Amino acid sequence: MTNKPEPFEQFLLAEGEKKVEMTLDTRMPNTCIFKFNKEDHTLGNLLRARLLQDRRVTFAAYKVPHPLFPTFELRVQTDGSLSPKEALLQACRDSVSDLNTLSREFTKEYELRKMVNEGRENGI
Amino acid sequence: MTISLHSDEEHFADYPVIIHNISPRFSPHAYLTMAYIGFGGAYNEDGMDIEATGPKVTVREATQDHVDFVLQSTSLSLANSLRRAMLAEVPTVCIDQVQILSNTSVLPDEFIAHRLGLIPLDSRGCEPDMLFQRECDCGGDCERCAVILELACKCEREGTMMVFARDLIIVDARPNEYVGQPVIRDPKGNGPLIAKLRRGQELRVRCTAIKGIAKEHAKWAPTAAVGFEYDPNNKLRHVDYWYEENAKDEWPVDPRNANWESEDTAADAAFDPDATPGAFFFDVEGVGTLDPDQIVQEGIKVLQNKLALVIQGLGGGSDNDNNNTNTNATNGAVGAGGATPFGAGGVQDQAYGGAGDHTSYGGYPAGGATAYGGGGATSYGTPYGAPGQNGYGY
């Protein structure tokens with residue numbers, strides 16, 4: 001009998017819990033706060049950096065409100081030419097395609113390296 | 001700077017506090033002339049600073065359990081996310097439940113169960129051939145989500161009998177021809193030692209191996225270590241080295257990494273405050289459960305899945321925008337059927353935050369909105385829901 005949280009609560013969404021919750025930040029124009037559930041710095045920092053590469057995004061930052069809760073909040077402000085949500089979607093899509101390139105490049109390079117190694121073993 | 005961490009330290013080691021950054025406002029010209037350019041530097045019509053060609057990879061070394069590669073033309077955060085994903089979120093297979101049928105050895109049951117859990121089992125192809133047990137609808141251990149291993153040893157002669165991982169026998173069918181086999185690398189073909197038995201002692205167990213990730217328990221970690229280094233000459237001044245007389249003489253530098261980049265990053269180059277890291281040196285060492293290239297590829301896939309879930313969660317359609325309607329339909333179904341209170345939460349947020357600024361929820365897909373509204377308003381929507389928005393109002 002302890003109050004230790006279950007390890008899987010770090011990454012499994014609870015019943016009915018949503019991955020992303022969007023809230024408008026009424027204090028500033030074109031600003032949204034996205035709350036990500038069951039995610040951590042792995043995704044938070046990735047998205048933050050990607051959003052900052054977009055010239056139309058004027059502010060992007062994330063925080064993990066408490067280290068024991070697997071959530072983070074991403075605050076995004078844009079210059080108005082697109083909504084924060086669109087900016088975030090764009091950032092996600094760009095990252096996915098980046099990772100596709102990375103995967104392809106890695107496969108190519110790895111196979112090449114393996115061929116070189118085999119060649120060496122066979123004394124070529 | 002070199003970081004080589006195991007997953008458990010991870011949560012404390014990385015960024016304990018908020019990271020706030022303001023968008024970099026470099027002119028395109030400044031970007032192009034920057035010392036070591038992480039990104040190609042060009043803007044496309046969308047206004048994105050895109051990489052000219054996407055990430056570049058150079059594999060410097062590849063052996064059975066180990067791959068050493070350099071990542072270029074990408075951001076520090078993507079490289080670090082990949083490192084974290086490989087450490088903690090790549091699925092492998094491990095023994096998770098142990099049924100002790102008979103244990104008359106000197107080791108307690110829990111001790112043996114723990115040791116069994118840590119034995120590396122071949123996990124090649126567990127993604128996508130194997131299901132997570134909690135996602136499988138069999139309700140128990142079926143051949144799609146579990147591998148059963150049995151061990152039955154009894155010492156009947158004088159002396160000590162060693163029980164090795166090779167004594168674990170797979171029973172029943174399994175998801176593919178690799179999954180669940182103990183990884184055995186020693187010349188004698190024994191594998192890790194599990195226990196020692198004296199004459200008359202017996203050990204009989206039945207183990208269930210399932211798929212899991214290292215975030216749940218470190219036994220599922222596919223890597224023994226992930227070496228990660230950038231900016232070996234500390235040109236970015238991300239590190240302030242402690243020293244007695246001279247940091248240069250007292251701190252080790254890996255010459256292979258230090259001489260990798262151009263002269264801009266050489267040890268005697270001037271400090272450039274606008275520079276970004278350009279090359280990331282990875283050294284992935286597996287434990288034998290997955291091939292090293294598979295660890296990297298699965299790490300990439302994990303990140304992509306995360307992003308896809310976000311896209312789906314925001315109602316942005318699938319990756320390639322082909323089956324937009326399909327995705328929206330799924331979202332709606334989840335909102336309406338899944339759990340009413342949460343569905344309402346979404347509506348609350350919008351109604352509350354967006355008062356007087358209705359255009360701002362234009363982004364939500366129409367299908368999604370109706371589903372949330374219909375399902376949710378009755379239970380929780382009341383306090384906030386503005387009249388005329390499905391809200392009842394007290």
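Because the structure is a prediction, the values reported are computed rather than measured. These numbers come from the heavy atoms of this one structure, side chains and all, not from hydrogens, waters or symmetry mates.
- In this structure, the side chain of S81(B) engages the main chain of T42(A) through a donor-acceptor pair within 3.5 Å.
- Contacts between R60(B) and chain A at a heavy-atom distance below 4.5 Å involve the backbone alone (N, CA, C, O).
- For V296(B), the part lying near chain A is the side chain, with the backbone staying farther off; criterion is any non-hydrogen pair under 4.5 Å.
- In this structure, chain B has no heavy atom under 4.5 Å from any part of F72(A).
- In this structure, the portion of V67(B) lying under 4.5 Å from any heavy atom of chain A is its side chain and not its backbone.
- Of the two parts of L82(A), neither the backbone nor the side chain holds a non-hydrogen atom closer than 4.5 Å to a non-hydrogen atom of chain B.
- Between chain B and the residues N30(A), L112(A), L47(A), T107(A), the most heavy-atom pairs under 4.5 angstrom are made by T107(A).
- Ranked by heavy-atom pairs shorter than 4.5 Å toward chain B, the options L12(A), V116(A), L102(A) are led by L102(A).
- By the 30° and 60° cut-offs, the orientation of the rings of F69(A) relative to H66(A) is tilted.
- A salt bridge does not link K301(B) to E127(B): none of the charged side-chain nitrogens sits closer than 4.0 Å to a carboxylate oxygen.
- The side-chain contact (heavy atoms from CB on, under 4.5 Å) test with V226(B) singles out one residue from D283(B), I295(B), L87(B), and that residue is L87(B).
- If you tally non-hydrogen atom pairs under 4.5 Å between each of F8(A), F36(A), F106(A) and chain B, the highest count goes to F106(A).
- Residues K56(B) and T58(B) fail the side-chain proximity criterion, which asks for heavy atoms closer than 4.5 Å.
- Of the two parts of Q297(B), only the side chain, counted from C-beta on, holds a non-hydrogen atom closer than 4.5 Å to a non-hydrogen atom of chain A.
- The one candidate from F228(B), F282(B), F280(B) that meets the ring-ring contact (aromatic ring centres under 6.0 Å, His included) condition with F69(B) is F282(B).
- Side chain of K211(B) to backbone of P91(B): no donor-acceptor contact under 3.5 angstrom is found.
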**Item:** Audit row: E121(A), N117(A), side chain to side chain donor-acceptor pair (under 3.5 Å) steps and yes/no
**Value:** CA-CA 6 Å; E121(A) 274 163 29; N117(A) 284 354; over 6 Å; no
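- Heavy-atom pairs under 4.5 Å with chain A were tallied for L309(B), V302(B), L303(B), L78(B); the largest tally goes to L78(B).
- Neither the backbone nor the side chain of Q77(A) comes within less than 4.5 Å of any heavy atom of chain B.
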